[in-house]
*Asks:* 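Encoded as structure tokens, here's the structure I'll be asking about.
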Amino acid sequence: MAQFFIGVDGGGTSCRVALSNDRGIVIGRSVGGSANILTDMEGAIANITKAARSACLSAGVDFEVLSHCGAVLGLAGANIATVAAEVSRRLPFYQCSIETDACIAVHGALGAGDGVVAILGTGSVFSSKRGEAVHSIGGWGFAVGDQASGAWLGRRLLEDVLLANDGVRKGSQLTRDTLADFGNSPEMLVEAAKSFVPGDYAAFAPRIFEMARDGDCVAFELLRAGSGAIEQALGVLMRDGDDLCLLGGLGVPYHPWLSVDIQARIKKPVGDALNGASQMAIDRFSYVGDVHA
């Protein structure tokens, strides 16, 4: 059987899958649902499996090849080893390495070079690469971390909405518009938030950036807090001469909110996280055991 490889980039909002052949060429791609294995393990396994099958379909190959594939998956929540091991056991691949989403992003963005990567999406994580060594900070999940992320911003916005409603803090057009989403009822907001997952909070992030550009005071303060959290993390990781890549759906929007010194060190990524996962799968599993049998 021809040899195939799977790369997966799985975050809190969606997962992307690439199927590569034995020449390292991506022949099939697909996009699926959330793949945060810490927030929703069962949903992540189902979404990854479905997306992998869709990648086979787009490539015109049978689903059976998945049982012969070597796969590298970069998944939100993978820094909790026991969770990652359970997910790996239940996925349909022959051999499987589960890495953090930060790890595959670093390899995709920096290629063979060194530097620092900030992943800013539904969640957040910051990583440096020195040779083959990757060191990450953050990425501990929405409940206790993910500073500056979309979910973090959305959660803080809803808190500001309620505080403005109570007269504790000054409101703005942003807080008024957001409360209107819940029928201008703080009770409805609180009730809805009981079932929110990180992606629900992150859905407010585009509005925050848009209204900050228009001068909204609450949006401005939220992004000032977010950019401060980013620069605090970068201060731990960055060395003189390091390049910085901003990744994730909020990477580009955050760019103008960072200091001039940080902006001067930002460079275009070599590739994306899915490129990193795909190349790692090829490097690790080419002609290993009977993957190609």
*Asks:* Say whether Leu66 and Val31 are linked into one hydrophobic cluster, either directly or through other cluster members, by side-chain heavy-atom distances under 4.5 angstrom.
*Replies:* no

*Asks:* Does atom CD of Gln173 have more than 12 heavy-atom neighbours, drawn from other residues, nucleotides or ligands, at distances under 6.0 Å?
*Replies:*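 Yes, CD of Gln173 has more than 12 neighbouring heavy atoms, counting only those of other groups under 6.0 Å.
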
*Asks:* Using the rule that Ile, Leu, Val, Met, Phe, Trp and Tyr join whenever any side-chain heavy atoms are under 4.5 Å apart, tell me whether Phe209 and Ile262 fall into a single cluster.
*Replies:*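 In one cluster: yes.
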
*Asks:* Output yes when Asp242 and Arg130 qualify as a salt bridge under the 4.0 Å nitrogen-oxygen rule, no when they do not.
*Replies:* yes

*Asks:* Looking only at heavy atoms, what is the nearest atom pair of Ala55 and Val17, with distance?
*Replies:* CB-CG1, 4.0 Å

*Asks:* Please check if the side chain of Asp40 supplies one atom and the backbone of Gly43 the other of a donor-acceptor pair under 3.5 Å.
*Replies:* yes

*Asks:* If I compare all heavy atoms of Cys69 with all of Ile6, which pair ends up nearest, and what's the gap?
*Replies:* SG-CG1, 4.0 Å

*Asks:* Any non-hydrogen side-chain atom of Leu189 less than 4.5 Å from a side-chain atom of Glu191?
*Replies:* no

*Asks:* What do you reckon, are the aromatic ring centroids of Phe142 and Tyr201 less than 6.0 Å apart?
*Replies:*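 Under 6.0 Å, so yes.
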
*Asks:* For a 4.5 angstrom cut-off between non-hydrogen side-chain atoms, does Phe4 reach Phe285?
*Replies:*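 A side-chain contact is absent here, since even the closest heavy-atom pair is not under 4.5 Å.
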
*Asks:* Quick one: pull up OG1 in Thr122 and CG in Asp146 and give me the separation to the nearest 0.5 Å.
*Replies:*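 The CG atom of Asp146 is 9.0 Å from OG1 of Thr122, to the nearest 0.5 Å.
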
*Asks:* Is Leu110 close to Asp114 at the side-chain level, that is, under 4.5 Å between some pair of heavy atoms?
*Replies:*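 Not touching, per the 4.5 Å side-chain cut-off.
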
*Asks:* With a 4.5 Å cut-off on side-chain heavy-atom distances among I, L, V, M, F, W and Y, is there a chain of contacts connecting Phe220 to Val161?
*Replies:*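 Yes, one cluster joins them.
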
*Asks:* Please state whether the rings of Phe182 and Phe196 are parallel, tilted or perpendicular, taking 30° and 60° as the class boundaries.
*Replies:*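 Because their plane-to-plane angle lies in the 30° to 60° range, the rings of Phe182 and Phe196 count as tilted.
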
*Asks:* Return yes if some donor-acceptor pair links the side-chain N/O of Gln147 with the main-chain N/O of Ser124 below 3.5 Å, else return no.
*Replies:*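 No.
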
*Asks:* Quick check: are there more than 12 heavy atoms from other residues, nucleotides or ligands sitting under 6.0 Å from NZ of Lys267?
*Replies:* yes

*Asks:* Counting N and O atoms only, with roles assigned by atom type, does the side chain of Thr49 sit under 3.5 Å from a partner on the main chain of Ala46, one being a donor and the other an acceptor?
*Replies:*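 No, because the side chain of Thr49 does not come within donor-acceptor range (under 3.5 Å) of the backbone of Ala46.
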
*Asks:* Any Lys/Arg nitrogen of Arg156 or Glu159 sitting under 4.0 Å from an Asp/Glu carboxylate oxygen of the other?
*Replies:* no

*Asks:* Taking atom OG of Ser149 and atom CD1 of Ile119, what is their separation to the nearest 0.5 Å?
*Replies:* 12.0 Å

*Asks:* Hey, is the main chain of Arg29 close enough, under 3.5 Å, to the side chain of Ser58 for a donor-acceptor pair?
*Replies:*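 Yes, Ser58 side chain to Arg29 backbone: donor-acceptor pair under 3.5 Å.
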
*Asks:* Using a 3.5 Å distance criterion without hydrogens, assess whether the side chain of Asp272 forms a donor-acceptor pair with backbone atoms of Leu274.
*Replies:*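 Yes, Asp272 side chain to Leu274 backbone: donor-acceptor pair under 3.5 Å.
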
*Asks:* State whether Glu99 and Arg284 are salt-bridged, where the test is any N-O pair (Lys NZ or Arg NE/NH1/NH2 against Asp/Glu carboxylate O) under 4.0 Å.
*Replies:* yes

*Asks:* Between CG of Leu237 and OG of Ser136, what distance do you get to the nearest 0.5 Å?
*Replies:*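 Separation between the atoms: 8.0 Å.
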
*Asks:* Just wondering, do Ile48 and Leu75 contact through their side chains at under 4.5 Å, heavy atoms?
*Replies:*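 In contact.
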
*Asks:* Working to the nearest 0.5 Å, report the span between OG of Ser127 and NE2 of His107.
*Replies:* 10.5 Å

*Asks:* Output, in order, the C-alpha distance, side-chain angles, deciding distance and verdict of side chain to side chain contact (heavy atoms under 4.5 Å, CB included) for Thr100 and Val125.
*Replies:* CA-CA 10 Å; Thr100 64; Val125 64; over 6 Å; no

*Asks:* Taking Ser97 for the side chain and Val72 for the main chain, is one N or O donor matched with an acceptor at less than 3.5 Å?
*Replies:* no

*Asks:* Whether the side chain of Ser54 engages the backbone of Lys50 through a donor-acceptor N/O pair (distance < 3.5 Å, no angle test) should be reported.
*Replies:* yes

*Asks:* Taking all atoms of both residues into account, what is the closest heavy-atom pair of Cys15 and Asn47, and its distance?
*Replies:*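 Looking at all heavy atoms of both residues, the shortest contact is SG-O, 4.0 Å.
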
*Asks:* List the atom of Leu246, the atom of Gly251, and the distance in Å for their closest heavy-atom pair.
*Replies:* CD1-O, 3.4 Å

*Asks:* Contact between Leu162 and Val190 at the side-chain level, heavy atoms closer than 4.5 Å - yes or no?
*Replies:* yes

*Asks:* Looking only at heavy atoms, which two atoms of Leu91 and Cys96 are closest? And how far apart?
*Replies:* CD1-SG, 4.0 Å

*Asks:* Please round to the nearest 0.5 Å and tell me the distance separating atom CD of Gln95 and atom OG of Ser88.
*Replies:* 10.0 Å

*Asks:* Tell me the closest heavy-atom pair linking Met211 and Ala219, and the distance in Å.
*Replies:* C-CB, 4.0 Å

*Asks:* Looking at side-chain heavy atoms only, is the closest gap between Lys129 and Val117 below 4.5 Å?
*Replies:* no

*Asks:* Hey, are the side chains of Leu153 and Leu223 touching, using non-hydrogen atoms and a 4.5 Å cut-off?
*Replies:*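 Touching, per the 4.5 Å side-chain cut-off.
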
*Asks:* Would you say the side-chain atoms of Gln279 and Asp283 include a donor-acceptor pair closer than 3.5 Å?
*Replies:* yes

*Asks:* Under a 4.5 Å side-chain heavy-atom rule over Ile, Leu, Val, Met, Phe, Trp and Tyr, are Leu250 and Leu158 clustered together?
*Replies:* yes

*Asks:* Taking the side chain from Tyr254 and the backbone from Ile230, do they hold a donor-acceptor pair closer than 3.5 Å?
*Replies:* no

*Asks:* Stepwise, does the side chain to side chain contact (heavy atoms under 4.5 Å, CB included) test hold for Phe126 with Leu120?
*Replies:* CA-CA 9 Å; Phe126 306 85; Leu120 302 161; 4.1 Å; yes

*Asks:* Without swapping roles, check the side chain of Thr39 against the backbone of Asn36 for a donor-acceptor pair under 3.5 Å.
*Replies:* no

*Asks:* Answer whether the closest heavy-atom distance between the side chains of Met280 and Cys103 falls below 4.5 Å.
*Replies:* yes

*Asks:* Nearest 0.5 angstrom please: Phe5 CZ to Ile25 CD1, how far?
*Replies:*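 One gets 12.0 Å once the value is rounded to the nearest 0.5 Å.
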
*Asks:* Could you check whether Asp160 and Thr175, counting side-chain N and O atoms only, form a donor-acceptor pair closer than 3.5 Å?
*Replies:*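 Note: Thr175 and Asp160 side chains miss the donor-acceptor criterion.
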
*Asks:* Let me see the working for Ser286 and Asp22 under side chain to side chain contact (heavy atoms under 4.5 Å, CB included), right down to the final yes or no.
*Replies:* CA-CA 8 Å; Ser286 289; Asp22 52 10; over 6 Å; no

*Asks:* Report the C-alpha distance between Glu86 and Thr82 in whole Å, list the side-chain angles of each, state the deciding distance to 0.1 Å, and finish with yes or no for side chain to side chain contact (heavy atoms under 4.5 Å, CB included).
*Replies:* CA-CA 6 Å; Glu86 173 67 10; Thr82 54; over 6 Å; no

*Asks:* Please check if atom CZ in Arg207 has more than 12 non-hydrogen atoms from other residues, nucleotides or ligands closer than 6.0 Å.
*Replies:* yes

*Asks:* Please check if Val134 and Leu73 belong to a single hydrophobic cluster, counting links between Ile, Leu, Val, Met, Phe, Trp and Tyr side chain heavy atoms closer than 4.5 Å.
*Replies:* no

*Asks:* Sub-3.5 Å donor-acceptor pair from the side chain of Asn21 to the main-chain atoms of Arg23, do we have one?
*Replies:* yes

